[in-house]
Amino acid sequence: MKEFAVFWGCTIPTRFPFLEKSTRTVLDAFSLPYRDVDGFTCCPEKSLINNIDPTLWKLTAARNIAVADDEGVDVVSPCTGCVSNLSTVKKGLKTNPKEAEEVNAVLKKAGREFKGAADLTHLVPFFHDKIGIRKIKDLMKKDFKGMKIAVHYGCHMIRPSHALGADDPISPKKFDNLLAALGASPVKARNKLMCCGQGLDRVNQHDNALHLARIKLRELKSEGADALVVCCPSCFLQFDNNQFLMEKEGEKFGIPIIYFTELLGLAIGFTPEELAMNSHRVSVEPFIKKWEGRDTTEASEAIEEELSDAGVFGL
Amino acid sequence: MQESLDFNLLKMCADCGACYEICPSSLHLDGYDPRAVIKDILKGEHEKWLTSETIWQCLECHYCLEMCYQHYGFESAMTALRRLAASKGHFPPQLKKGWDLFIKSSRLGDPAMPARKKLGLPAPAKSGVDEFAAMLEAYKESRDQ
Ligand code: SF4
Ligand code: SF4
């Protein structure tokens, strides 16, 4: 496997270093060839920078990609926004040589050149496509049989699909496949693909942000979900922090929000403490308690059978 | 507006509305009505939207783009209006704060050092802030030429 740099983005190191912890923990456990690279900046955040100065949005993203190009690495990110932004700019410049030339004329003065050689992948499709479910199953020590775990893709893991090509943009499968591999029972939710709505918090519309979070959390509560799994710091912020704020005001949901790397970490044998899961605002306790209290005999073989029937290994 | 938007596509869009069914803001936020906005753009009456909250309610989820038979997406109209609004100094205060932080530091916050230490995380990689500043200078020069 080609060496890759983890693009941490701004939100994880700033607000959620514990998510960096679980991400590093699973990357190490799978002995993956990753390293930190000096020189990255904000990807930059699209809704913020692109709305004010689209040229600067492109320049900044192109420079980040150029850093990876110069280091000879691919890029993997645990943030959907970062991958989507970088990929959108990469695609735009790759298909518009004139624009790439203009961008490079500026980058040259900062000592960089955009070539767009680095592959850019989000962690979820990365695990699905490059590590593979077979390898995950080899390392798995505990499954999630009997646990109802809802999945939230995060818009920017899969859209815009012309730039990402990560999964079907309307009916994605990869995150679901990974959860199925871990033995989790899916939760049917009408609002499964609905945007988390965190963007509204960035434009001074907090009540609207809460409103969108509420719609999803209510549905999950009524479906009896034990947890919601996400893999984007923005979605995490929306469902963990904003749920916490609503609960403080008396509205109870009780849906623990689990990062994909935490769930995977638990499955391969790490403890919640080792994964720093006590840092969430909505407690993960109820989920962990129920999970540890299950009767786990015969689970593993049943999963193997179900997965084979579903053709997951043939992907 | 004519410069930044394809009015032929917009005309189709004003009569279509197929993506209302999946647009989270159309479905769940009162008063979010992209077709009303688009009709005003076509009439040359977009001015009034520049100071509205509506244009900032598009979540840039790109769902409309994926569903659209024109591969257009009414987010395009919202983005054009947001850019115009921003160029005239109308934007949510938080956005301005984020922008200023980005320009100054090249990112949206510094790594949380005490927490990193407690978690046993390695020292964070160096940011590209100096190079970013050089790029910014070069960009300004090229723009002013
Ligand atoms: S990108 Fe904006 S307009 Fe399009 S579906 Fe999402 S919220 Fe609606
Ligand atoms: S963006 Fe496309 S699908 Fe949506 S209303 Fe316009 S033309 Fe129709």
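Only heavy atoms go into these numbers, but all of them, side chains included; no hydrogens, no water, no symmetry mates. Lettering of chains follows the sequences in order, A, B, ..., and the numbering in each one begins at 1.
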May I ask you to decide if the ring planes of A:His156 and B:His62 are parallel, tilted or perpendicular, using 30° and 60° as cut-offs?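 If you compare the ring of A:His156 with that of B:His62, the planes turn out tilted.
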Considering only heavy atoms, which portion of [X] lies under 4.5 Å from any heavy atom of chain A: side chain, backbone, both, or neither?
X	result
B:Ile103	side chain
B:Pro124	neither
B:Leu108	both
B:Ala86	side chain

Just jot down the salt bridge (charged side-chain N to carboxylate O under 4.0 Å, His left out) partners of A:Lys109, sequence neighbours excluded, or say none.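 Testing A:Lys109 for salt bridge (charged side-chain N to carboxylate O under 4.0 Å, His left out), a comparison that skips the adjacent residues, returns none.
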Any residue meeting salt bridge (charged side-chain N to carboxylate O under 4.0 Å, His left out) with B:Lys48, in chain and number order, not counting sequence neighbours: B:Asp40
Going by heavy atoms in the side chains, are A:Asn208 and B:Trp56 under 4.5 Å from each other? no
Interface moiety of [X] toward chain B, non-hydrogen atoms closer than 4.5 Å:
X	value
A:Thr60	both
A:Leu200	both
A:Phe16	neither

Please list, in residue-number order, every residue in residues 14-22 of chain B that has a heavy atom less than 4.5 Å from any heavy atom of chain A; write 'none' if there are none. none
What residues of residues 76-87 of chain A make heavy-atom contacts with chain B at a cutoff under 4.5 angstrom? none
Please check if any side-chain donor atom of A:Asp53 sits under 3.5 Å from a side-chain acceptor atom of B:Tyr139, or the reverse. yes
